[in-house]
Protein chains: 2
Amino acid sequence: MSDNTADEGQVPTPERFTQARAAQSMAVLEDYAEMIDDLAQEMGEARITDIAARMGVTHPTATKAVARLKREGLAVSRPYRGVFLTEEGAALAARVRMRHRVVVDLLVAVGVPQETAEIDAEGLEHHVSDVTLKAFEAFLARR
Amino acid sequence: MSDNTADEGQVPTPERFTQARAAQSMAVLEDYAEMIDDLAQEMGEARITDIAARMGVTHPTATKAVARLKREGLAVSRPYRGVFLTEEGAALAARVRMRHRVVVDLLVAVGVPQETAEIDAEGLEHHVSDVTLKAFEAFLARR
DNA sequence: CTTGATTTATAGCCCTGGCTACATTTCTGT
DNA sequence: ACAGAAATGTAGCCAGGGCTATAAATCAAG
């Protein structure tokens, strides 16, 4: 415990929690966007059943999530047909995938086993800010 | 389990998401437990108003969260009186605080600015598994 | 001791993200 | 072509975590 301007046992400010909650509300969108992108690349299109299976939820749950993606302009679909990302959705998926990779690499770099890194990253990634992501990249680059 | 060890940046398994969702459902409990512990140390007791203010929510929201803590056996309180952690709740708070500190230290150690580290850690910490935490501690120790 | 301010409780609403059950549509194989 | 299988849609339920509005209790002065 040395180098602390303000003490280490610092009391969190309300904003921190507010921010964490905001990040959380994006998490589902991010996960589904990435998954749809995965499936599109793998199978040509993302079907609700496959999305649901991969996300570990039932298909009505996946349908709801896709509905939200559509509402947010991140995906499009026609009844009984596959789901496709909009440009914006694809861009989000790309950012998410990149961030995920960096997070996993960082974890591995500091000694976390690969498999654990993959698992933890799934929850962690949504809370990694741009500043932190940049720091991770810099750390990975200079070692 | 017996996953494929071959592919690295490959398709996430459903279990990862299931696990991330489970971690998320603990997050609120953890945050409130820690906050109640903070306030107990600071002011002798944790009042609903103070909890709410610190968490950045309205008091009915804090009341609900405390109700859940009580239901889970992590806290006790009598009407119109302060909230107190049970032994179990205090133990949780202690673990959470320790983990939070380690996460912040790790972030700072890899180059994340202190303030950013504090903010991101608030969301991150709930998804750091024991294995990863141990790895973080080892990394911090050997540098 | 009474009154007004503060604190806590409660009711009721919204949205999200799970679920099951059931209806409908599409796909597939004979 | 058509029947059965598979996929998708939809309805309705639950819990969680936000909120506002209102009621009740406690606290602090005067």
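Model, not experiment: these values are computed from the prediction. So you know, we letter chains A, B, ... as the sequences are listed, proteins then strands, and number each from 1.
- Computed from coordinates, the L39(B) CG to dT7(C) P distance equals 13 Å when rounded to whole Å.
- Rounded to whole Å, atom P of dG17(D) lies 9 Å from atom CZ of R71(B).
- Rounded to an integer number of Å, the gap from I51(B) CD1 to dA9(C) P is 10 Å.
- Atom CZ of R142(B) has more than 12 neighbouring heavy atoms from other residues, nucleotides or ligands inside a 6.0 Å radius.
- The listed nucleotides are dT8(C), dC19(C), dC19(D); the one nearest the side chain of T61(A) is dC19(C).
- Rounded to a whole Å, the CZ atom of R47(A) is 19 Å from the P atom of dT25(C).
- None of E125(A), E34(A), E118(A) except one satisfies the salt bridge (charged side-chain N to carboxylate O under 4.0 Å, His left out) rule with R16(B); the exception is E118(A).
- T49(A) comes within contact range of the sugar-phosphate backbone alone, with a heavy-atom separation under 4.0 Å but no base atom that close.
- For R68(A) and dC15(C), the CZ to P distance is 12 Å, given to the nearest whole Å.
- Note on F17(A): nothing from the nucleic acid sits closer than 4.0 angstrom, heavy atoms only.
- Listed nucleotides: dT20(C), dT25(C), dG16(D). Nearest to the side chain of Y80(A): dT25(C).
- A 4.5 Å side-chain heavy-atom check between Q114(B) and V104(B) finds at least one atom pair inside the cut-off.
- By the 4.0 Å N-to-carboxylate-O rule, K134(A) lies too far from D130(A) to be salt-bridged with it.
- Where E72(B) and V57(B) meet DNA chain D, the nucleotide closest to each residue was compared, and E72(B) sits on the side nearer the 5' end.
- Separating the CZ atom of R21(B) from the P atom of dA15(D) is a distance of 18 Å, rounded to the nearest angstrom.
- Positionally, the nearest nucleotide of DNA chain C for S25(A) lies more toward the 5' end than for the other of S25(A) and P79(A).
- Distance H59(B) NE2 to dT6(C) P: 12 Å, rounded to the nearest Å.
- Rounding to the nearest 0.5 Å gives a distance of 11.0 Å between OG1 of T18(A) and CD1 of I119(B).
- What separates NZ of K64(B) from P of dT8(C) is a distance of 18 Å, to the nearest Å.
- Counting any heavy atom pair closer than 4.0 Å across all strands shown, P60(A) reaches a base atom.
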